[in-house]
Structures are given as C-alpha cells and as structure tokens.
Amino acid sequence: MEELTAQILANTALTVGMIFSLAAIGTAIGFGLLGGKFLESVARQPELAGMLQARMFIIAGLLDAVAIIGVAMGLLMMFANPFVAALGG
C-alpha cells in the first residue's frame, strides 16, 4: 500500500510539472502571436490602434486565465491529491 501511494505521488509530481510547463509555454506562444498580430494590425491601420489595444488586453486577460486555471489544477493535484485520498491514505 505504501509503495502504491509513493508511486501515485511520484507520478503526480511529474504530471504537475508538465501542467506548469505546458501552461507557461502555451501562454508564451499565445502572447507572442497576440502581440505580433496586434503590431501588424496597427501598422496597417494606425487609426484603429485604441480599439485594437482594448481588445488585445481583453484577449490577454482570457489567455492568462487559462494558464492560471492550469496552475490551480496542478496545485490542487499536488496538495490535495484525490488519487491518494481514494486509496484511503
């Protein structure tokens, strides 16, 4: 039973690391694409810069929320592991 619990905790630690890294990589790629498209749009039509900037910040907030949800789920798995609780340990 202890060996199974240790194995679950080890696999959970690896999974949480993957969740954190994928959330960071996905957010970085998203912000890069978002910023690039914003600059491209402002270069084409400078008079729309204010409207585009407001929309860019809304999308950036939503993009950041996805990463924060991933981090919250990873922390939940790390500190309140439901798999270990299902074993009764």
Side-chain angles (χ1 to χ4, degrees):
M1 187 67 147
E2 286 182 25
E3 183 178 323
L4 183 60
T5 302
Q7 193 172 24
I8 288 173
L9 290 175
N11 287 333
T12 300
L14 289 172
T15 304
V16 168
M18 288 175 56
I19 289 171
F20 288 169
S21 64
L22 291 175
I25 290 170
T27 302
I29 291 171
F31 273 117
L33 291 173
L34 180 65
K37 295 294 182 179
F38 170 70
L39 291 175
E40 189 177 303
S41 299
V42 170
R44 287 179 187 227
Q45 294 184 332
E47 66 275 3
L48 294 178
M51 183 185 68
L52 291 173
Q53 186 175 16
R55 291 185 180 177
M56 181 193 71
F57 283 129
I58 291 170
I59 298 298
L62 294 173
L63 183 63
D64 225 12
V66 172
I68 290 171
I69 290 170
V71 168
M73 296 307 282
L75 290 174
L76 174 71
M77 296 294 289
M78 184 63 88
F79 294 114
N81 196 331
F83 301 116
V84 174
L87 289 176

## Note on the structure
Here the gap from I8 atom CD1 to L87 atom CG, rounded to the nearest 0.5 Å, amounts to 4.0 Å
### Task
Say whether L39 and F57 are linked into one hydrophobic cluster, either directly or through other cluster members, by side-chain heavy-atom distances under 4.5 angstrom.
yes
### Query
CD1/I59 to CG/L33 distance, rounded to the nearest 0.5 angstrom?
13.0 Å
### Whether over 12 other heavy atoms sit under 6.0 Å from M73 CE
no
#### Entry: Residue pair M56 / S41, side-chain heavy-atom distance below 4.5 Å
no
### More than 12 heavy atoms from other groups under 6.0 Å of CD on E3
no
### Message
Quick check for you: to the nearest 0.5 Å, what is the distance between I68 atom CD1 and L75 atom CG?
### Response
11.5 Å
### Message
For a side chain to side chain contact (heavy atoms under 4.5 Å, CB included) check, start with the C-alpha distance between T27 and F31, then their side-chain angles and the critical distance, and finish with the verdict.
### Response
CA-CA 6 Å; T27 302; F31 273 117; 3.3 Å; yes
### Query
M51, L34: one ILVMFWY side-chain cluster at the under-4.5 Å cut-off?
yes
### Query
Does I58 belong to the same Ile/Leu/Val/Met/Phe/Trp/Tyr cluster as V66, with side-chain heavy atoms less than 4.5 Å apart forming each link?
no
### Task
Identify whether L4 and V84 are in the same connected component of the hydrophobic contact network (ILVMFWY, side-chain heavy atoms under 4.5 Å).
yes
### Message
Are L52 and V42 packed together at the side-chain level, in the sense that at least one heavy-atom pair is separated by less than 4.5 angstrom?
### Response
yes
## Note on the structure
Between A13 and M78, the two heavy atoms sitting closest are CA-CE, 4.1 Å
### Query
Given the rule that I, L, V, M, F, W and Y join up when any side-chain heavy atoms are under 4.5 Å apart, are L9 and F83 in one cluster?
yes
### OG1-CD1 distance between T12 and I19, expressed to the nearest 0.5 angstrom
9.5 Å
### Task
Using a 4.5 Å cut-off on heavy atoms from C-beta on, say whether the side chain of R55 contacts that of F38.
no
### Message
Is it true that, when you exclude E2 itself, more than 12 heavy atoms of the residues, nucleotides or ligands shown sit nearer than 6.0 Å to its CD?
### Response
no
### Query
Out of curiosity, I29 CD1 to L63 CG, how far, rounded to the nearest 0.5 Å?
10.5 Å
